[in-house]
Amino acid sequence: MLTAEQVRLRAPSAEQRELAASAAGMFFRPDRDERVDAGPEGDFDRGRWTELAGTGLLGAAVPEGAGGLGLSVPDLVVLTEQAGRALLPGPVVETSWIAAPALAALGQEWAPALAATLHGDRVAAAVDATLRGPDLDVASYVVVPADGSDLLCAADRLGATLRVSTQDRLERSFRIARGPDGGGSAAQPLPLTDGLRVLDRGRLGAAAYLVGVAGGLLEQSISYARLREQFGRPIGAFQAVRHRLADSYVELEFARSAVWGAACDVAEGDPAAPVAITCASVAARRAFAEADRHCLQTHGGIGFTWEHPLHVWLKRGATFAARYGLRRDLETELGERLLARTGQQPRGRPPRPHI
Amino acid sequence: MLTAEQVRLRAPSAEQRELAASAAGMFFRPDRDERVDAGPEGDFDRGRWTELAGTGLLGAAVPEGAGGLGLSVPDLVVLTEQAGRALLPGPVVETSWIAAPALAALGQEWAPALAATLHGDRVAAAVDATLRGPDLDVASYVVVPADGSDLLCAADRLGATLRVSTQDRLERSFRIARGPDGGGSAAQPLPLTDGLRVLDRGRLGAAAYLVGVAGGLLEQSISYARLREQFGRPIGAFQAVRHRLADSYVELEFARSAVWGAACDVAEGDPAAPVAITCASVAARRAFAEADRHCLQTHGGIGFTWEHPLHVWLKRGATFAARYGLRRDLETELGERLLARTGQQPRGRPPRPHI
Amino acid sequence: MTDHEEFRRQVRAWLAGNVPAGDLPDPDTDDGFGAHRDWERRLYDAGYSGISWPTEYGGRGGDVLHEAIFAEEYELAGAPVRITRPAQRFLGPTLIRYGSAEQRRRWLPGMLRADHIWCQGFSEPDAGSDLAGVRTRARWDGDRFVVDGQKTWTTYGRFGDRMFTLARTGEPGGRHRGLSCLVIDMRGAGVRVRPVRQAHGQTGFAEVFFDSVAVPAGNLVGPRDEGWDVAMTLLSFERGPDAGAPVRTRRRLDALVGDIVEAGGSPGTVRDLGDLYARLSAFQAYTCRRVGARLAGEPVGAESSLVKLFAARLDADIVQLGVELFGDERLAERAPEFLDYWHSRAGSIYGGTAEIQRNVVADRILGLPRC
Amino acid sequence: MTDHEEFRRQVRAWLAGNVPAGDLPDPDTDDGFGAHRDWERRLYDAGYSGISWPTEYGGRGGDVLHEAIFAEEYELAGAPVRITRPAQRFLGPTLIRYGSAEQRRRWLPGMLRADHIWCQGFSEPDAGSDLAGVRTRARWDGDRFVVDGQKTWTTYGRFGDRMFTLARTGEPGGRHRGLSCLVIDMRGAGVRVRPVRQAHGQTGFAEVFFDSVAVPAGNLVGPRDEGWDVAMTLLSFERGPDAGAPVRTRRRLDALVGDIVEAGGSPGTVRDLGDLYARLSAFQAYTCRRVGARLAGEPVGAESSLVKLFAARLDADIVQLGVELFGDERLAERAPEFLDYWHSRAGSIYGGTAEIQRNVVADRILGLPRC
């Protein structure tokens, strides 16, 4: 259903486009290679994290009165997509979408913790339903989804219950680890933020980041297809390559719209927003899967080398495609919902042909 | 496992290639349009059926002593693929693979029925597990798969149990109808033929026919892509078209090999032949699905017109892809088998990289 | 023009009281076409034709959002297909943009009431994907054009009164140059219409042959020899957002899910349905964003190519899942799904093939070099 | 040569008694390469190297089926990767076909024992899909060639002793004309080898730079300036049937199914597994038919392009299903599947990209016109 208000909201405003452009400028550092700048063993880079804190991204969704930028959920989508496009390391989604708003919601008692998080002095992270999340070994605060209400755990009060393992990290500059098995007595119950639970916020933020990663992949591939020549012409002139990239772009644009639409639903307080978020998460995973397949193929052998940055996009995308729900599980969730909904309705008929 | 004997068998012999060529010549009648020659209401064309009987196809797998050609199962695959390529109408797969060998196996008492069937004077058909089959309204004998042993029903003895409905026929020249609900007392139990039950024979025969249909589709499309010009050149010169057709050809060749391999398994008495037949059935359905998609797209608008024969190939293929098991059900059967097999084996590891 | 939400309420109420209960008879039959024409007149008389057309030509004078709201409600109500669709969406708007005052007065009012059925005459046997290959020839004869040639895939051609034609007035082989747009009286001398039977057994489009057809000078739309620009404008209208499309896709998916529920479910299919649901949701979101952009005054760009690619694949995947689950009975001539099956598969052909759309995306959006 | 079934029994028994229990160390390390070289010598000493090579060059003198049986059993046993694979499959056979008697005597015996590691030097940074774009230049200097240029994607380049190189002896830009095949001593002056780290963090191939490298006249293989024909022969050997490939795919699928069983099953995945199983079965059947055709003396045609397309997609789909089910942990550097993941995905790139293979099929088999 289109209402006038919604339709206006759903075309990104001039301010939001401006926001995207300035975020792109801030986040993209051509002088800096996110792979190389992480320590040789992939240690968390505190300097870089402090820099990122300086951009305001971490507190973008925190009210201005609490030291943040007070941006809306659609605004945060705009920023997060740029973060993904620039492959920003560390728990950017977890901090800006989950932990910082959670600390802000907990009130005065947690104000110092929030301030330290927004300044980058302390690291806040979150885990998904599999209890994995980024950079837990350096996190001071970890948000954990739970039955009943979600929880905030302060690492220094948890002691033995925080059992972090970094064994399964995928990239040196982006470490996923297994988090605390549960909150224990020291955990703080969390209220909803923007009407959403922690996993829904994570899903939406991760989808926005993933769309950014897919977009970055595609940009790289377009540039490469313009420059790389074989048989006396740029490979981007061959239909096989052109059509691959066009297909990737189609999926990307529709996923981008789905994420944007879900964010608008949240902003409007639509009670069905979590369903829209799940749909958007699937769309983002589809878009990444297409980009992953076509962009690696477009690059040929060079895409398999460590020196070319493509593999970092591929790995980062794989990380985000696997967090806050695997595509198959999200699809199953949606399929069951569709079956249940239809079971309650009268039988429909397909539309008549219509050109 | 390759044995010398198998490997030799599995490269089609010179005789088999000869057989294919002569069948193609017999079956393909450029002067005859299988769509138009069926009666205006799609009635069964007895004249055409007698002609087909004259080619020997119906009794190809019947021993020479019983009036057939005494060909092997791989030979019959060769013939049936050509039958599909030429879109032969009527119950060719049901007669040649199932009913005629069944009548032959029943011995002297049924010799007159077999002779009438091989001459085309009487029509023999079969139904699959959904109890549907072609041209049941004109069939004198219908083979029905059943628990215990499969059954042969003589239509004139069955009376009320043969309830034929032709409501859901797909094309005018190829009518699928719902068959008898069960054999009743007049049904004759059938022995295995070549060690196979009726459904396995039907699956293999239908897979061979379907491979032929997919091949015919592809041939049509290649010819069209060579002739049809847009932007000053044949559309077959555009990578988008070339690569579609190449992909279809790949699936076709692998499906053809799978069907051929399964037929060789049957000929060698391999007890796992039914599994190979199921695999081949899936491969044939894949090949048809690819051909269906790419060949219709290659033809553009013309492929949607009644005047162009493409739609007959598409519909015939859809018919054969849905008989003796839908692809999804066959895949499920194979997947369960794979899981059960692996559950009994020690954990394997993936191979090491190997260029 | 009324407030948008109020407009939606009005439309919904009117449709609830007026949409025929069952399907109208097939518009490819004489009776069926007549019934559809009557329906168009009821819509017109109720003020629901040409929602975004100026009132002076019989339209309602609404904006892009009124148009979108009407399209949504119309499809949600399961109302009949529109035989005035080409006229409404692109032929009329092109005449409004390029027609002379006299032409607009002469042609536009009859369009919306379906007094005259208008057809688009661009495609030819040898000018399909390659529109600039048009060969239909319009020779200037001193005081009129004389047209010879053939058009094809003409929707509602059998019932057509006027054709908006792209013909070659310049040198043969001139490609984009030397083309002109002419309005041709399809009832006039030298015009022959041959309905084309489709794979599903029904007609629905036609071939149209011109044999020395006289076309008055006053039927030239836009400058002579510069018809390519007119044609491109027409296509940009055709490619504007259609808020009804995701609703139709939703009905298609809902009908399939209804069949699955009725058949007692299909466990292995849950994930496929979730995938289709997510894609439908993205289609809705994209359409919403596009309508918003149009409302904000942004021009129509190459997004329609994205929609064609995304939606054609989605629709084809929905009907394909139906065939995979229920077999070939769904393709049978008497099955209720058979028209939709063929039509959905045609989505990657008509209005520019998927290959053409990918080229458009590669050229105009991605900026890739050309072959 | 022994009877085929007896040969299979012998091979199986020998492998059962000799294949190392765990994986050998990574062949990209010095230690690992040494271990693989030792393994090659054990194979050679046992008579299991060069199964179909003539006995005079250290081979076993078997036929295509012996070769296939050995490949199947070798993979079924999970035996180590072969660092002599390029030499065995195509470099040696090309030298047997095109080398002089002196060259064959000089080079062939050391190949199978891995005394010298042989690399293929065709690809260059600007000659990937477009092999005729080779730029490495071999200038004739009166009594020797002087080579300048660069090769890339050189498998085992870091440990290479000899490279079978395609270089330009004729005019620059001469495409297929003016190319020659030269054997270059990789340990000689002017040759620099730079290992290339791959996305999975390990090396495995290298870039090789030639800076005025002197190559004796006696290292020219085949006629000067007619190296393209030699190269095409080499590629046809490379494209012969590999009976080990479906076994590797089967191990890949079995390992995944094992993971699924261990994880307690995954109901929505049964159908995906059935699809993969059916494709594996078709791959086995196709390979079997191909070996049969070779045994019957049919030449190697374009079928290897079909295998590349079919198998690369199958392998990629297997590893992709693993990632879809178990998430990104399978891509992590320390995961047991990570090498196979990247390698399987590379199947549509190395040895001719999928695009090139489709062109080969379209040109040589389907007879479609060229662009």
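Lettering follows sequence order; numbering is per chain, from 1.
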Minimal non-hydrogen separation, B/A322 against C/G327, with atom names: CB-CA, 3.9 Å
Choice from C/D126, C/V196, C/T203, C/T152 maximising heavy atom contacts with chain B below 4.5 Å: C/D126
Separation of C/R197 CZ from B/T305 OG1 (nearest 0.5 Å): 11.0 Å
Per-residue contact mode, C/W153 against chain B (heavy atom under 4.5 angstrom): side chain
Separation between CZ of B/R228 and OG of C/S129, rounded to the nearest 0.5 Å: 7.5 Å
Distance in Å, B/L314 CG paired with C/D328 CG, rounded so as to fall on 0.5 Å steps: 13.0 Å
side-chain contact (heavy atoms from CB on, under 4.5 Å) evaluation trace for B/L296 with C/R345: CA-CA 9 Å; B/L296 185 58; C/R345 291 203 61 182; 3.4 Å; yes
Which of C/A346, C/G268, C/A127, C/G133 touches chain B most, by non-hydrogen pairs under 4.5 Å: C/A346
C/E355 side, atom CD; B/Q239 side, atom CD - distance, nearest 0.5 Å: 12.5 Å
Toward chain B, the part of C/T269 with a non-hydrogen atom under 4.5 Å: both
Interchain contact, C/A354 with chain B, by part (heavy-atom threshold 4.5 Å): both
Heavy-atom neighbours of B/R337 CZ exceed 12 at 6.0 Å: no
pair C/R175-B/F231: side-chain heavy atoms closer than 4.5 Å: yes
Side chain, backbone, both or neither of B/D329 within contact of chain C (heavy atoms, under 4.5 Å): neither
Greater than 12 external heavy atoms within 6.0 Å of B/R341's CZ: yes
Pair B/Q297-C/T353, side-chain donor/acceptor within less than 3.5 Å: no
Worked check of side-chain contact (heavy atoms from CB on, under 4.5 Å) between B/R328 and C/D272: CA-CA 12 Å; B/R328 296 189 153 233; C/D272 301 270; 3.2 Å; yes
Test log, rule side-chain contact (heavy atoms from CB on, under 4.5 Å), inputs C/H200 and B/F304: CA-CA 8 Å; C/H200 49 56; B/F304 287 85; over 6 Å; no
B/E307/C/R194 salt bridge by N-O under 4.0 Å criterion: yes
Worked verdict on B/Q230 versus C/L131 for side-chain contact (heavy atoms from CB on, under 4.5 Å): CA-CA 9 Å; B/Q230 288 285 274; C/L131 183 56; over 6 Å; no
Contacting moiety of B/R285, where chain C heavy atoms sit under 4.5 Å: neither
Any donor-acceptor pair under 3.5 Å from B/K315 side chain to C/A199 backbone: yes
